[in-house]
Amino acid sequence: MNLQVFLVLAAALFAAGLYGALSQQSIVMIMMGLELMINAVLVGAVAFWYYAWPQQADGQFLVLLAMVVMAIEMAMGFAATIAIFRARDVDMTDLAADLKG
Amino acid sequence: MAEPAPMWTVLVLPIVLGGLALFAASLNGVLTAVASGRRATLAEWAEPLRASARLLVRQRRTTFRADVVLRRVGIAGIVVAALLASVPTPLGGVAVADLPVGVVWFNAMEILLWALVWLTGWGGNSAFSLVGGYRFLAQALAYELPLMFALTAPPLAADSLRVGAIVQAQQDVWFALWMPLAFLVYLIGIVGVAFWGPLSPPAAADVAGGVTAELSGADRLVFLAGRYLMLAAGAAFAVPLFLGGGQGPLLPAWLWSLLKMAAVLAVLVWLRRFSLVRAERLMSWGWLVLLPVVLLQVLVVGVVVLLRG
Amino acid sequence: MWEVIAFWVLAVLAVASGIAVFRVDSMARATFLLLASFLFVAGEMLVLELHYLGALTVLMMTAEMAIMAVFMIMFMMNPAGLEPMEMVHNKRGALVISVAVFVALTAAALVVPWPERAAPHPSDATHQLGEAIMRDKMLVMMVVGVGLFATMVAATLLATARGRYGEHAAPSRPEPSPHAHAHHHHAGGDR
Amino acid sequence: MGWYVPVMALAALGLALVGATYAIGLLVTVQRRPLVTPPFLAGGLPREHAVSRFHVRWYVVTLLFLAFDMEMVFMYPWAVVVAEVGVEAVVEMFTFLAVLLAGVVYVWREGGLRWT
Amino acid sequence: MDLISALRRAAFTRPNLLLVVAPGATGPRLAMERFTREHGWSLADTAADADALVEIGELDEPLTAVAEVLWRQLPRPAVRLSLGDEVGVGEALARLPERLRSWRPTDEPSEEWPEPPMADRAPDRDGLRLDVLRVPLGPVLPYWPAGLRLVVDMQGDVVQFAEVELLGVTGRTRPYWTGETRSAARRLDAAARLLGVAGWTAMSTRCQILRDRLLAGGTGTFVATEVDRLARRVRRSPLLGAMLRGLAPLPGLGDAHERLSNWLAEVARASTADEAGPPVAELLNVLPDVVFGAELSVVRLIVASLDLDIAEITEPSHGGISHG
């Protein structure tokens, strides 16, 4: 149980989240993938704090920030989904690709 | 930091919490009997035991294409959440685990009911139980934040999130006396978490029992027992937080704790005498009345902590 | 000894529930598998004696996943998975990319010489965190506060149908939805 | 780690108690096989499955709750260090709260708290 | 084995009853409510929690179909009873615990139920096209008018479309609430049901006790003072005010809170005015409009605040009066 093993766990969660975000079509499912990737950030931050820099609180503070980012991402994601659903009655990303270059 | 408590507390906690839950159910039965004009005989006090026997004997029931796994997680989860919520609660000085973050742990365990009660409602594949599950979330959005801030006031005054330290900090004056608004908002939150009394629309008769509309037999018994256990766990946690834990003249500490827990629980059970509160009204009261009031209370406590230096 | 066993059990369960999130049909099960993954990660934090962060993760993630479930059920085609359907595109490509990323990250984790534990652990991690928030991280907290305020305003603007100034500013008496008497076979009643 | 051994034991005991209740139920019940029926609809039969896309009306409040809930992330550690840090801790936390309360007032004026 | 038999004997001392009431059969229903109140039994909210299905009065074809559906939804052991008039209620119920204890599993054919499709979507004024659930409210719901079925289409828990159906109207049904003291008792019964839906069970039981005392020929003055005290408490309760104020204001009748206060004031003054409010048929025509756009809990309160006695409708018109 050392830093490397925690980082492998974080990598696994990150990969699972990435797979979800890339493969799913619905906006809400993609957000689930993003949440799982932020979950990996939580694990990484905690591992670095415990094993490398326990004397200052940056590692812990990163966990708080990751949670705040997740909440803001969820709030904005749901608001956008509602707006798109109300305008176009659909929540598929393929059908909402107006901003595509 | 107190060392982890001995293992025998793990066996004592379910007995104490179960006893309190049974006391709450019996008191509710007696109050209903008296309201119906019957005398409060021993048979009325034993009503919960008879009801449990009836539910154990009856056949269980499911609806077709219901998500049985999620419903079972919801039903069994409430009992486990209620027990885990009482981990930091000391009975006369000894708790199962006086965690350094006891208050945050209690808050985390009681918020699990957001998922558990909704799962029970969703798992029934029935319109009334689905409406009941969503009513629980609508209510929770109103009382949860004021409850969280009310839970912040005692640690602020005691300079620690550890429940043992909070009890020590109430040597001279109990927190209920100089932060009454936080105590009141805490009790409202607990009544909401256990969807009891005025906050019982998730399981109210107007939608045929809400989340309990499809529960029968042992499922119904475990769910209703979990609800009483959660009410008892909430009442029990009010004692170390606001009523000075085991402190009191003459009687031993654990007896004082038990008496105070029973008293708070009796008040909460008595609240069933009032009519329901509609979700829309509760939403505006929660955000526009309870939240500013409890924030004001936390500010006052903060200033007092600063003056005390 | 306890720690190592607990770590491995929680790690395997966290990754398993994380992968299962995208394999189940029912949206309710997907959301609460994601919640399970977060709860196992919270367990990992408790293994590392980070009591506050562990309890906080359970507290915040349960509320967020309950709200996530509400939105998942609202917007997904068949929420209970009674009629399983495939809602994915280029599944194979995603799998290849994510496995490649996993291998790369694991290699990096094992090869790079990370600085090992430099100083002893603080007795109360929460106190250390609180101290940091009040002193050198105060500016960050203020920025986060304004960010949260902006989120509230933006989310409300996007989500509400009737703005305060729009033509239907005051919520007029709800006009009847176009229901013919024999209303149950909608023309466009797509499933 | 020592803290959480009794906690895990208690969780296991809780599950064991629930299991015991179901076991007694199976022992004592009159009919072991559960009854499978359509949901209770006051005597009627369902026209469609109840598990459907439930149109929640209070979604604006969920967004508000998500944003305001993040306040609690900072509130608990703040409560532990107020006595040491002193006045600027209280001043800073309550300006933080004031900013968020402004958000609540905005959502209230937008009619987010009323829904039907 | 005696432990299990002891447990089973204890289990059925106070069974829960699920009542299927024909519109005219108010007499036996009141006797049933008095019996359960005095013996500590309770009326089940749902079929899942009911020990016995009690069919009261003469059930016509649709109501019998409802009873049939419910009977197959009751978990076993379960007993089915039917009662004609008030006389037989007492000893029929007294025998119930014994019948439940002596229940033996008969191999009923577990026939399959028709499986419904997935829910369908519909537009909504909120702009989101989401699923609609069709929920028939009544005839068998707690505190619900006998014989009424209000079929509502709900998106979320907001009603988009409502349709009234009448069950058990056979032209031979005679309204029970006729005569002087009975119309006062009718007001108390309506108040008890509205307070029950509002969740104030203590006050609702109080109203039922006074109603039964009035029906049993209680002296007017004693009941009037009690009702006056009760009316004051109901009028002044802040929680009930927040619950009922502003619901379904009808011309000449005021909103739900005023209607409740008027009922109790009428009984307290013991001047049961002859104008007993608008005829039921007219209220039923208005009902779908009034409940349109309301939440399910509000719909329940509105229906309970209208004091509908379906027995007053003589010609059996099954044409649903619908709007939405």
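Just so it is clear, the values below take in all heavy atoms, side chains as well, and ignore hydrogens, waters and symmetry mates. Each chain gets a letter, A, B and so on, in the order the sequences are listed, and its residues count up from 1.
- Looking at A/V68, only its side chain comes within 4.5 Å of chain C, counting heavy atoms on both sides.
- From C/M74, atom CE reaches atom CD1 of A/I82 across 5.5 Å, with rounding to the nearest 0.5 Å.
- Of the residues considered (C/V140, C/V99, C/I19, C/D136), C/V140 shows the highest number of contacts with chain A, using heavy-atom pairs under 4.5 Å.
- For the pair C/A109 and A/Q4, the tightest heavy-atom approach, listed with the atom from each and the gap, is O-CG, 3.4 Å.
- C/Q128 places a side-chain N or O within donor-acceptor distance of the main-chain N or O of A/Q55, the cut-off being under 3.5 Å.
- The distance from atom CG of C/L129 to atom CD of A/Q56, rounded to the nearest 0.5 Å, is 12.5 Å.
- Interface residue C/L50: only side-chain heavy atoms are found under 4.5 Å from chain A.
- A/L64 places none of its side-chain heavy atoms less than 4.5 Å from the side chain of C/V144.
- At a 4.5 Å heavy-atom cutoff, C/V96 makes no contact with chain A through either its backbone or its side chain.
- Looking at heavy atoms from C-beta onward, C/F71 lies out of side-chain contact with A/T81 at the 4.5 angstrom threshold.
- Between A/V28 and C/M68 the shortest side-chain heavy-atom distance falls below 4.5 Å.
- The aromatic rings of A/Y50 and C/H121 sit tilted relative to each other, their planes meeting at an angle between 30° and 60°.
- Of the two parts of C/A125, the backbone and the side chain both hold a non-hydrogen atom closer than 4.5 Å to a non-hydrogen atom of chain A.
- To the nearest 0.5 Å, atom CZ of residue C/F40 and atom CG of residue A/N39 are 11.5 Å apart.
- Of the atoms belonging to C/T156, not a single heavy atom falls under 4.5 Å from chain A.
- Residues C/L56 and A/V63 are not in side-chain contact: their nearest non-hydrogen atoms beyond the backbone lie 4.5 Å or more apart.
- Ranked by non-hydrogen atom pairs under 4.5 Å with chain A, the options C/V112, C/L53, C/L48, C/T151 are led by C/L48.
- Shown here for A/A79 and C/L158, the closest heavy-atom pair between the two residues is CB-CB, 3.7 Å.
- Looking at heavy atoms from C-beta onward, A/L9 lies in side-chain contact with C/F7 at the 4.5 angstrom threshold.
- Interface residue C/M60: only side-chain heavy atoms are found under 4.5 Å from chain A.
- Interface check for chain C: of the options A/A83, A/A16, A/A57, the most heavy-atom pairs under 4.5 Å are formed by A/A57.
- Here the side chains of A/V43 and C/E44 are not in contact, with every heavy-atom distance at 4.5 Å or above.
- When all heavy atoms of C/I67 and A/F78 are compared, the pair lying nearest together is CG2-CE1, 4.3 Å.
- Looking at C/A30, the atoms closer than 4.5 Å to chain A (heavy atoms on both sides) sit in the backbone and in the side chain alike.
- Top candidate by heavy-atom pairs under 4.5 Å with chain C, chosen from A/L18, A/L22, A/L42, is A/L22.
- A heavy-atom distance below 4.5 Å is not found between the side chains of C/F102 and A/F14.
- A/M32 touches chain C through backbone and side chain together, each having a heavy atom under 4.5 Å away.
- Both the backbone and the side chain of A/A71 come within contact range of chain C, judged by heavy atoms closer than 4.5 Å.
- Counting heavy atoms from C-beta on, the side chains of C/W8 and A/V5 come closer than 4.5 Å.
- A/E35 and C/F38 make their closest contact through O-CZ, 3.6 Å (heavy atoms, listed as atom of the first residue, atom of the second, distance).
- Rounding to the nearest 0.5 angstrom, the gap separating the CZ atom in A/F61 from the CE atom in C/M141 is 8.0 Å.
- Contact record, C/L105 with A/A11: CB-CB, 3.6 Å, taken as the closest heavy-atom pair.
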(request) Take C/E64 and A/M67, measure what side chain to side chain contact (heavy atoms under 4.5 Å, CB included) needs, and give me the verdict at the end. (result) CA-CA 10 Å; C/E64 284 182 21; A/M67 278 191 208; 5.6 Å; no
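- For the ring pair (Phe, Tyr, Trp, His ring centres under 6.0 Å) test with C/W114, the passing option among A/F6, A/Y51, A/F48, A/W53 is A/F48; the others fail.
- Here OG of A/S23 is found 13.5 Å from CZ of C/R92. Values are rounded to the nearest 0.5 Å.
- For C/A14 against A/L13, the heavy-atom pair with the smallest separation is O-CD2, 3.9 Å.
- Here C/F75 contributes atom CZ and A/F85 contributes atom CZ; the two are 6.0 Å apart, rounded to the nearest 0.5 Å.
- The contact between C/M27 and chain A is made entirely by side chain atoms (from C-beta outward), counting heavy-atom distances below 4.5 Å.
- Using a 4.5 Å cut-off between heavy atoms, A/L3 contacts chain C through its side chain alone, with no backbone atom that close.
- The choice from C/V41, C/V4, C/V101 that makes the most heavy-atom pairs within less than 4.5 Å of chain A is C/V41.
- The parts of C/V15 that come within reach of chain A are both its backbone and its side chain, each placing non-hydrogen atoms under 4.5 angstrom from that chain.
- Within the 4.5 angstrom heavy-atom criterion, only side-chain atoms of C/L34, from C-beta onward, approach chain A.
- Of the listed residues A/M1, A/M31, A/M29, A/Q60, the one with more heavy-atom pairs under 4.5 angstrom with chain C than any other is A/Q60.
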